[in-house]
Asker: 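Once you've had a glance at the structure underneath, I'll fire off some questions.
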Amino acid sequence: MTSSPESLNFASLEEDMAVVRQFAGSEDDGAAPLSLQQLGLEKLRGDIDAAIAREQGLLARLRSRPATQRLAVVVVAAATTAAAMAMGPIDHLRGDGLWRAGLVMVMVAVLTVLACWRLLRPLHLPPANRWVSYGLLAAGVLLPFFMALALSHDGGKAAAAGAGFFKQCGVCLAFGVALGLPVLGLALLLRRAKVDGAAIGALAGVAAGLTGYLTLHIHCSISDPAHVIGGHASVLLVLGGAAALWRLREHR
Amino acid sequence: MRCMLPRFRMMSDEELMAAYVAGDQRAFAQLFERYGPMLVRLMTRHIRNQADVHELVQQTFLQLHRARHDFDPKRRLRPWLMTIAFNLKREYYRRRMRKPEAPLEHEPPASNRGFDHPVERKKAALRLRTALGNLPAGQREVIEMHWFKELSFPEVAQILGLSVSAVKVRAHRGYQKLRAEIEAVTK
């Protein structure tokens, strides 16, 4: 760039851009405005009216609420799911040290809120940096693996060996996915825009997966890292992958 | 359905939006009259499929409806609505994974200023539209919003989520790239 914007000769710039506008710009320039019918907008108006008329019911009312209120609905649903598990036996958490459990809960909660905020972000705001979505995805997926490997647990049971290991993992995986699915559904239903890609779909799955993971962390007394990875952390991969594939199919 | 009441035509965009939020459907009709044609032209500029254009404009107004409680009446409606439209358009391109093409089949505006010969005029329009279409999306958006849709630089910055300086830099770079074509057309 040989000159800065401030040193532009604005007189010539405005003249030049007037030429561009004249030839390639606004169709309103010097021409009589076309009627709605000529632009084919009568049908469009009808379609819009029909789409708005379909916006009935509790879900539509929730979707029209501000983003913070929609976020609160999803977060409360996720927190309630996890809290319900705390009603059961949690002696294994006490054995670990409640600080570990607290650390997991705080980190999962923060990531879940951030992921849900990105999901439910209103369209009238400028576009978010896509790397923020990718970063949240990566953090959400990697956090449980980090928790399993970096934080050793002494208070829980060991995993079974052989075939029993896979059975235990399968039970926890199914449990976590089942608990995360309602949160996934709620997050996707409360999102206003129909258009979103695989990455945002995956983010929804990860947010729901974090709920499933936290629930398992509270409920499951097996603290073996292999079991935590195979049965708990994998919930995020399953839900994130399924949601991403679903969005990919929708866009075909 | 055309809005026949003169008082709605006299109302500002923000007043219309406030009336719509309060439940007056006629205010929405007036908003559609004001912005529907503009949004169709905006989308048509780079999207050839008319069904896709209508879908995007329909989505824009649907999002306006869904987000109506989010609108701050102290702010201007136009950049707010344009942000929604541009976000939808951007998502559309991302899904299609293709760059916008210059609308070669579209006729230039029916204005006789500057050129007498219609063929010369069409050539000039085609040349400038192609050059405009070849600009990076960020520069083209700024040029279209500021010089075609007459939004101020601060409004464009608000829509794109950039600083005013960054918007001016994009405008300047886009203009630099167009200069050679402008000079060739005006020779």
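Residue numbering restarts at 1 for every chain, and letters A, B, ... go by the order of the sequence lines.
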Asker: Under 4.5 Å, heavy atom to heavy atom, which residues of residues 78-86 of chain B contact chain A?
Answerer: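 Interface residues of residues 78-86 of chain B: B:Trp80, B:Thr83, B:Ile84.
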
Asker: What is the distance from atom CG of B:Asn87 to atom CZ of A:Arg121, rounded to the nearest 0.5 Å?
Answerer: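 One gets 8.0 Å once the value is rounded to the nearest 0.5 Å.
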
Asker: Stepwise, does the side chain to side chain contact (heavy atoms under 4.5 Å, CB included) test hold for A:Arg192 with B:Asp70?
Answerer: CA-CA 12 Å; A:Arg192 282 179 186 158; B:Asp70 290 348; 2.8 Å; yes

Asker: Between A:Asp47 and B:Gln58, which heavy-atom pair has the shortest distance, and what is it?
Answerer: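 The answer is CB-OE1, 3.5 Å.
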
Asker: With a 4.5 angstrom heavy-atom cut-off, which part of B:Glu144 approaches chain A: side chain, backbone, both or neither?
Answerer: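 It is neither, since no heavy atom gets under 4.5 Å.
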
Asker: Name all pairs fulfilling the side-chain hydrogen bond (donor to acceptor under 3.5 Å, both in side chains) condition that reach into residues 197-215 of chain A, sequence neighbours left out, sorted by first residue then second.
Answerer: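 Pairs touching residues 197-215 of chain A that pass the test: none.
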
Asker: Rounded to the nearest 0.5 Å, what separation is found between the CZ atom of B:Arg66 and the CZ atom of A:Arg63?
Answerer: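 Rounded to the nearest 0.5 Å, the CZ-CZ separation comes to 4.0 Å.
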
Asker: Let me check something: any side-chain donor-acceptor pairs from residues 104-120 of chain A under 3.5 Å, sequence neighbours excluded? List them with distances.
Answerer:
from     : atom 1 : to       : atom 2 : distance (Å)
A:Thr112 : OG1    : A:Val108 : O      : 2.7
A:Arg118 : NE     : A:Ser133 : OG     : 2.8
A:Arg118 : NH2    : A:Ser133 : OG     : 3.4

Asker: Let me know if A:Pro122 has heavy atoms under 4.5 Å from chain B in its side chain, its backbone, both or neither.
Answerer: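 The side chain, not the backbone.
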
Asker: Which answer fits B:Leu42, side chain, backbone, both or neither, if we ask what part of it has an atom under 4.5 Å from a heavy atom of chain A?
Answerer: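 No part of it gets close to chain A.
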
Asker: Take B:Leu62 and A:Ile48, measure what side chain to side chain contact (heavy atoms under 4.5 Å, CB included) needs, and give me the verdict at the end.
Answerer: CA-CA 7 Å; B:Leu62 182 59; A:Ile48 290 169; over 6 Å; no

Asker: Nearest 0.5 Å please: distance from the NE2 atom of A:His124 over to the CD atom of B:Gln63.
Answerer: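 It comes to 11.0 Å.
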
Asker: Could you pull out all residues at least two apart from A:Ser64 that satisfy side-chain contact (heavy atoms from CB on, under 4.5 Å)?
Answerer: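 Once residues adjacent in sequence are excluded, the partners of A:Ser64 under the side-chain contact (heavy atoms from CB on, under 4.5 Å) criterion are B:Arg68, B:His69.
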
Asker: So do the side chains of B:Phe61 and A:Leu44 get within less than 4.5 Å of each other, counting heavy atoms only?
Answerer: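 No. Closest side-chain heavy atoms not under 4.5 Å.
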
Asker: Which one wins on heavy-atom pair count under 4.5 Å against chain A: B:Leu160, B:Leu178, B:Leu162, B:Leu64?
Answerer: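 It is B:Leu160.
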
